[in-house]
Engineer: 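The following block contains the structure, expressed as structure tokens.
Values in this document were obtained by computation on a predicted structure and should not be read as measured data. Values below: every heavy atom of this structure, side chains too, minus hydrogens, waters and symmetry copies.
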Amino acid sequence: MADSTTAIHRGFSYQARLFWLYAFDLLIPETHVSNVTFEAKKPKAFDDVVVQFDTPLPRGGDQRIIAECFQIKWHVDAGGRFGYEDLADPSFISAERVSLLERLKDAVAQESDNAEFIFVTTDRIADDDPLSELISNNDHSILLDRLFRTKTDKSRMGRVRAAWRQCLGLLDDQELKPLLSRLRIVDGYRSLEELRREVNTKAAAVGLKPIDDSNSDFRYDDLATKLKARGISSFTKERLEAIAKEEGIWVERSTDSGSLMSIAIHSFLGLATDLIPTEPENTLYLTSLFRQRYLNENRNWQTDIKPTVESFLTKMVSRSRELRLVMNAHASIAYLAGTVYHVKSGVHVEIVQKGIVGGVRVWRVDDGTRGSGLKITTEQLDASPDIAVGISITHLVDKHMHLYIDESLPHIGHLMSAVPATGSGHHSVAGGMHAAELAQQVAQAIREYKIDHPNATVHVFSASPNSFLFYLGQQHQGIGPVVVYEFDFDGRGNRGYQPSFTID
């Protein structure tokens, strides 16, 4: 019984921490969050946290939303797996008669057309389940084009559609599609401890009191529950400020003129907003130029994105040479930022790094982190000097790189592969100093190659943290010219690499 009670308590703590992450956005005007509710009265099942915006925000394609409604499912262990059939099974959400999909149908009927419904869970989608092929790696939405690509119910995706239609009592796919367009599924989400660190980081950023890590308890957990018991569950900016002052957690933002200036580049939007707030004049939004992660058809990386980013970063240096950089941005933009703030620029840059492991951290080149180096190998294809460099820090890139080269880069004469000695994965980079050392190792290998091939163009295919690419970009003067490539993460494009910037 004690273990069961502890699990329930931690489940409430998990929900409270996610609530606070969004509640703190009330103090950041750029997020446009106007109201956040903890355990709302509706919509049923998607009522754990409800976030409302004061202006419609862009999501996939032309869609804009005014509300996000969350159902949160936490489990003690990390072994939970689920698939498409579980979404139609009431027991999956600890219910007796009504499944998650049926709750979605009810919620869509209750809320406006501009609300999204987000299922957040620590469980993971089973690798071999069709659902694993249907979640966008950009915004966690259902990949409708892929689900509805086939016509027959006997196909792999057809069986998914048939099971979901039967669960919902729908006659055809045309009734199913609009319901699924409102759903997002976020699996394998943060651990309790990672959320604690994120809440503390964001609290400090918005002028509230972080809780000492040496404390066994975490006050924000109980505070949400106790305020709910007092009938206070819905927060505006003004109410949050009043409660924070009443509870003694209001400490104001630092006005130290010697502190780092936070700047941000957004080329796409994710589930959580930034934990380090930036002033509007210090923020570059490129989201209108993209359709989710994909550049709009009438836009060009080289002529539209590159000069805009370079101009913004140059302008920021005129205000401060001590910067903290937030990037909800494509890998190519991270590399480009490094070329602007190169190693001889005299600009000190800390990077806010988001990741599956460790949540959100600030990476610096002097943070003392250490780790294994990269295993770098080269292969000659022909006499051409141009070289393709595959950097497999978080995922292996060789297969997709080779496919692209075979189809589109016949002039590549050499291949270089860089893989962590301990293997690819999200644990491969320990922090800023380690990332910078790995970038230096790759840059040095390229420089040595270019001694004998000074006119070679370097084609960079990378699966790595943005911080690593920033540090590699800082080495650009010694390795260029470079063509940087973007990968089609959620399969809506060519399911492979495409070139972005050419940087001389």
Side-chain angles (χ1 to χ4, degrees), residues 60 127 132-141 143 145-146 188 265-271 286-287 289-297 299-302 305-306 309 327-339 353-357 374 386-409 412 415-420 423-426 428-429 435 438-439 442 457-473 482-503:
D127 291 339
S132 67
E133 305 168 26
L134 291 173
I135 306 302
S136 166
N137 205 34
N138 175 47
D139 60 0
H140 305 282
S141 62
L143 296 172
D145 291 345
R146 184 172 297 176
I265 301 175
H266 302 278
S267 58
F268 53 79
L269 298 174
L271 173 66
L286 299 169
T287 50
L289 305 179
F290 291 86
R291 177 177 48 84
Q292 296 181 10
R293 282 184 178 262
Y294 303 97
L295 189 66
N296 288 337
E297 292 181 359
R299 296 295 182 176
N300 181 277
W301 281 97
Q302 198 72 11
I305 308 300
K306 186 172 180 286
V309 172
M327 288 183 287
N328 279 331
H330 293 72
S332 302
I333 293 173
Y335 183 93
L336 179 64
T339 70
Q353 178 64 48
K354 299 181 181 181
I356 292 175
V357 178
L374 298 169
D386 287 0
I387 184 170
V389 180
I391 304 168
S392 302
I393 292 181
T394 56
H395 304 285
L396 293 173
V397 305
D398 286 2
K399 178 181 177 181
H400 291 287
M401 179 178 74
H402 290 165
L403 286 173
Y404 184 83
I405 291 171
D406 291 343
E407 294 177 0
S408 305
L409 287 177
I412 292 295
L415 298 177
M416 180 179 293
S417 176
V419 183
S424 302
H426 292 284
S428 298
V429 185
L438 297 182
V442 172
T457 295
V458 180
H459 298 259
V460 175
F461 301 82
S462 180
S464 60
N466 272 0
S467 298
F468 167 86
L469 283 166
F470 175 87
Y471 295 133
L472 184 62
V482 167
V483 180
V484 190
Y485 291 78
E486 286 289 333
F487 186 71
D488 174 25
F489 281 101
D490 49 22
R492 292 186 178 184
N494 71 328
R495 301 188 187 182
Y497 281 101
Q498 285 290 301
S500 57
F501 302 128
T502 298
I503 307 174

Engineer: Distance from Ile333 atom CD1 to His266 atom NE2, nearest 0.5 Å?
Structural biologist: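 Ile333 CD1 to His266 NE2: 11.5 Å, rounded to 0.5 Å.
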Engineer: Show the numbers, then the answer: is there a side chain to side chain contact (heavy atoms under 4.5 Å, CB included) between Glu133 and Leu143?
Structural biologist: CA-CA 8 Å; Glu133 305 168 26; Leu143 296 172; over 6 Å; no
Engineer: With side chains defined as the heavy atoms from C-beta onward, is the minimum distance between Ser424 and Thr394 less than 4.5 Å?
Structural biologist: no
Engineer: Check this for me: Asp127, atom CG, are more than 12 non-hydrogen atoms of other residues, nucleotides or ligands nearer than 6.0 Å?
Structural biologist: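 Count not over threshold, so no.
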Engineer: Measure the CZ-OG1 distance between Phe470 and Thr339 for me, rounded to the nearest 0.5 Å.
Structural biologist: 9.0 Å
Engineer: Are His400 and His395 an aromatic pair by the rule of ring centers under 6.0 Å?
Structural biologist: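 Between His400 and His395, the centre distance exceeds or equals 6.0 Å.
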Engineer: For Trp301 and Phe290, I'd like to know if the aromatic rings sit close, meaning centre-to-centre distance below 6.0 Å.
Structural biologist: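 Between Trp301 and Phe290, the centre distance is under 6.0 Å.
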Engineer: Can you find a heavy atom in the side chain of Phe468 that is under 4.5 Å from one in the side chain of Ile393?
Structural biologist: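 Yes - at least one pair of side-chain heavy atoms lies under 4.5 Å apart.
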Engineer: Distance from Thr457 atom OG1 to Ile503 atom CD1, nearest 0.5 Å?
Structural biologist: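 That separation rounds to 12.0 Å.
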Engineer: With a 4.5 Å cut-off on side-chain heavy atoms, are Ile387 and Leu415 touching?
Structural biologist: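 Sidechains of Ile387 and Leu415: no contact.
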Engineer: Check whether any side-chain heavy atom of Val482 lies under 4.5 Å from a side-chain heavy atom of Val389, and answer yes or no.
Structural biologist: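 No. Closest side-chain heavy atoms not under 4.5 Å.
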Engineer: Is there a side-chain contact between Gln302 and Phe501 in this structure, where contact means two heavy atoms from C-beta onward sitting under 4.5 Å apart?
Structural biologist: yes
Engineer: Okay, side chain of Asp386, backbone of Val458: is any donor-acceptor separation there less than 3.5 Å?
Structural biologist: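 Side chain of Asp386 to backbone of Val458: no pair is present.
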Engineer: At what distance, to the nearest 0.5 angstrom, does CE of Met401 lie from CG of Leu409?
Structural biologist: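 CG of Leu409 is found 10.5 Å from CE of Met401.
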Engineer: Can a donor-acceptor pair be found, under 3.5 Å and without considering hydrogens, that links the side chain of Ser464 to the backbone of Ile391?
Structural biologist: no
Engineer: To check you understand the geometry: which heavy-atom pair defines the closest contact between Ser462 and Val397, and what is its length?
Structural biologist: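 Where Ser462 meets Val397 most closely, the heavy atoms are C-CG1, 4.1 Å.
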Engineer: State, with a plain yes or no, whether a side-chain heavy atom of Val484 is found less than 4.5 Å away from one of Leu469.
Structural biologist: no
Engineer: Say whether, by atom type as modelled, one donor and one acceptor occur between the side chain of Gln353 and the main chain of Ser467 under 3.5 angstrom.
Structural biologist: yes
Engineer: Asn328 and Ile265: side chain to side chain contact (heavy atoms under 4.5 Å, CB included), yes or no, with the steps?
Structural biologist: CA-CA 6 Å; Asn328 279 331; Ile265 301 175; over 6 Å; no
Engineer: Does the side chain of Ile305 reach to within under 4.5 Å of the side chain of Leu289, using non-hydrogen atoms?
Structural biologist: yes
Engineer: Would Tyr404 and Tyr497 count as a close aromatic pair, with their ring centres under 6.0 Å?
Structural biologist: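 No; Tyr497 has its ring centre 6.0 Å or more from that of Tyr404.
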Engineer: Is there a side-chain contact between Val419 and Leu374, using heavy atoms and a 4.5 Å cut-off?
Structural biologist: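 Result no, sub-4.5 Å side-chain heavy-atom pair not found.
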Engineer: For Glu486 and Ser500, does a side-chain donor sit closer than 3.5 Å to a side-chain acceptor?
Structural biologist: no
Engineer: Measure the CG-CD1 distance between Asp398 and Ile405 for me, rounded to the nearest 0.5 Å.
Structural biologist: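 Between Asp398 CG and Ile405 CD1, I get 9.0 Å after rounding to 0.5 Å.
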Engineer: Using 0.5 Å steps for rounding, measure from the OG atom of Ser136 to the CZ atom of Arg146.
Structural biologist: 9.5 Å
Engineer: Go through the side-chain N and O atoms of Ser267 and His330 and say whether any donor and acceptor fall under 3.5 Å apart.
Structural biologist: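 A donor-acceptor contact under 3.5 Å links the two side chains.
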